[in-house]
Amino acid sequence: MSDQPTDQPSELLAARRAKLERIRAQGVEPFPHAFPGVTPIAEAQAPWQELEAGEERDDAYRIAGRLAARRGQGKMAFLDIVDRSGRMQVQARADVLGEEAMAQLIEFDLGDLVGIDGTIFSSRSGELTLRVTGFTLLAKSLRPPPDKHHGLQDVETRYRRRELDLIANEEARELFVTRAKIVSELRRSLDDDGFIEVETPVLQPLYGGALARPFITHHNTLDRDLYLRIATELYLKRCIVGGLERVYELGKDFRNEGLSTKHNPEFTMVEWYEAYADYGDAMDRVEQLVIGIAAVINYDGPVDFSAPWPRIPMAQAIKDATGIDISEATDRDTLVAAIAASDKVKLDVEDRAWPTLVDDLLSKYVEPAITNPVFITDYPTALSPFAKGHRSQPGLVERFEAFCSGMEFANAFSELNDPDEQRRRFEDQVRLAESGDEESQPYDEVFVQALEQGMPPTAGVGLGIDRLVMLMTGRDSIREVVLFPAMRD
RNA sequence: GCCGCCGUAGCUCAGUCCGGUAGAGCAGCGGGCUUUUAACCCGAAGCGCGCAGGUUCGAAUCCUGCCGGCGGCACCA
């Protein structure tokens, strides 16, 4: 896999370079500065859907895009032009353009960016077509495009050279347009409900807000290491302490973990925090938000997003799936015994603490079986250092995760706002770190002091945008929904 | 990190099991064609098979290692 210019077959490149020189010799600028007055193809086509085969009109349009196909016919040719909105056939005729201009147009290569002026008509076979009255080379393409019919299939090239994927595969273009719509709708919905979008540091002196290993970088002038954020949680809660009441941040988090179909080392997350609300309110909002997004993109897939989504306590979900009752097996030895006694569950229990085993049960036996959206609620305290204790269930916190299609896509809690309790949770995390857990939380005294200032009762949610896009577009790999996924060099 | 599968012209693929010296379509090149739409027809050309070794008279085909990709596990939300 290499993409040095010299790796291209010299004849293919040379032919395009030769055309470039010929074009220049004719006094034509192959890379002009602008092309004003372009109508998107879909817009040019929209009024003429009823045009009868063979009908012609005087209405003129200017379109621009990439030359995607050519069906030559000597004195007449059909060309396909593709832009972001669609594809349109244009017809070039020697008797309209003159021999010389016809020859110039015919010499354009597949992949060239061209501007076309023409009048609308419907071909004999009924295809809406633009009869070319004028054309402009907008940028010469010096490399061959992917196959015009099969598109670009090679997965590796599709990820490494996403521009080729976008050129060749309409589904790829559509997917990233859909992704943008999802993000817009998310922002619109939160904005309309009085949330304000904020920006907090990506480079952090101390990382926190999630259980993950960070990337470390270095600031030269300060001569100190900084972490790329693994979450925005702690800063956003400081905004709540400050009285901003409803805030959200949508941006990249970075986690130094393995890659998989569900994990990219940098990924997009939205977190929002709402004062005076609890995790039940947060569930309502997640539900409403996702349903709204599905509607906006005209979701048409196997998932039934309609409300209400089941809200199942974690212990119940695990009991239903495995028969093991973690509310009975509340210490490691009892739980290990229950796992050993179970014929449904096969788990490696060695070196694994009680909370980890519970998490394993959830992720191996509950999560994969979920298809339609479900909230799993009320997690053990040990797994959730920033969540508030459950109002009626000792040992648990008011936390939920939203699952769909076998995948977690949101995580939320009634936020812990008791500073002394938070301090104790940090101390627990420090003890975990000392016993070798690389994903524990570092102690963040500044954050605890912020809580001491007084934080209102607050609900906080983190929702993975990439995963949400996967759900909405039916993709099973995060690389399909990230424009430029992480790849080895 | 481990296991499995994969890597052949610019692109999409066949050929690998059962070694015999690489092929098709598209694109490109030359020519023909005023309603095609995977346009079509004729002609000439293009890859030595991810990389490096090995076995063999002979390797794209078998073996080893490495690189890259995909999937799974581990790890992890």
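In this text, all values refer to a predicted model and were calculated from it rather than measured experimentally. Numbers restart at 1 for each chain; the letters A, B, ... are given by sequence-line order, proteins then strands.
If you find the closest nucleotide of RNA chain B to A/Arg352 and to A/Arg488, the one lying nearer the 5' end belongs to A/Arg488. Nucleotides of RNA chain B nearest to A/Glu257 and A/Ser477 differ in position, and the one nearer the 5' end is that of A/Ser477.
If you take atom C1' in B/G48 and the same atom in B/G15, they sit 14 Å apart, rounded to whole Å. Taking atom C1' in both B/A14 and B/U56, one finds a spacing of 26 Å when rounded to whole Å. Between B/A9 and B/C47, the distance separating the two C1' atoms is 4 Å to the nearest Å. Straight-line distance between the P atoms of B/U21 and B/U16: roughly 13 Å, to the nearest whole Å. Comparing B/U61 with B/A52, their P atoms are spaced 13 Å from each other, to the whole Å. Here, B/C41 and B/A59 have their C1' atoms 39 Å apart, quoted to the whole Å.
At distances below 3.5 Å, not a single donor-acceptor pair connects side-chain atoms of A/Ser122 with backbone N or O atoms of A/Glu55.
Look at B/G71: its Watson-Crick or wobble partner, with both distances under 3.5 angstrom, is B/C3. Pairing partner, B/G43: B/C29, with both Watson-Crick or wobble hydrogen-bond distances short of 3.5 Å.
Sorted by residue number, the members of residues 71-95 of chain A with any non-hydrogen atom under 4.0 Å from RNA chain B read A/Arg71, A/Gly72, A/Gln73, A/Gly74, A/Lys75, A/Met76, A/Phe78, A/Gln89, A/Gln91, A/Arg93, A/Asp95.
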Worksheet item: For nucleotides 1-7 of chain B, read 5' to 3', which letter fits each nucleotide if B means a protein heavy atom sits under 4.0 Å from the base, S means only the sugar-phosphate is that close, and - means neither?
Response: -------
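The side-chain contact (heavy atoms from CB on, under 4.5 Å) search around A/Asp428 returns A/Arg431, not counting sequence neighbours. A/Phe267 pairs by the ring-ring contact (aromatic ring centres under 6.0 Å, His included) definition with nothing, not counting sequence neighbours.
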Sub-3.5 Å pairs of nitrogen or oxygen atoms, protein against nucleotides 27-31 of chain B:
residue	atom	partner	partner atom	Å
B/A27	OP1	A/Lys148	NZ	2.9
B/G28	OP1	A/Arg70	NH2	2.9
B/C29	OP1	A/Lys19	NZ	2.9

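Note: A/Tyr443 and A/Phe426 have tilted aromatic rings, judged against thresholds of 30 and 60 degrees for the angle between ring planes.
In summary, of the residues considered (A/Arg71, A/Lys148, A/Arg70, A/Arg66), a salt bridge (Lys or Arg N to Asp or Glu O under 4.0 Å) with A/Asp80 occurs for A/Arg71 alone.
Put simply, NE2 on A/His149 is 16 Å from C1' on B/C40, counting in whole angstrom units. In this structure, A/Arg467 places its CZ atom 14 Å from P of B/C76, rounding to the nearest Å. One interatomic measurement links the two molecules: CZ of A/Arg160 to C1' of B/G10, which rounds to 18 Å at whole-angstrom precision.
An OP1 or OP2 oxygen of B/A39 is reached within less than 4.0 angstrom by no side-chain nitrogen or oxygen of A/Arg124.
Annotation: cation-pi pair A/Arg467/A/Phe409 absent, no NZ/CZ under 6.0 Å from the ring centroid and within 45° of its normal.
Pairs passing the salt bridge (charged side-chain N to carboxylate O under 4.0 Å, His left out) check and including a residue from residues 355-381 of chain A, sequence neighbours excluded, read A/Arg352-A/Asp360.
Within 6.0 Å of the CD atom in A/Glu50, the count of heavy atoms belonging to other residues, nucleotides or ligands does not exceed 12.
In this structure, A/Glu233 pairs ionically with A/Lys237, as a charged nitrogen and a carboxylate oxygen lie closer than 4.0 Å.
Between the base of B/C76 and the side chain of A/His263 there is a donor-acceptor pair shorter than 3.5 Å.
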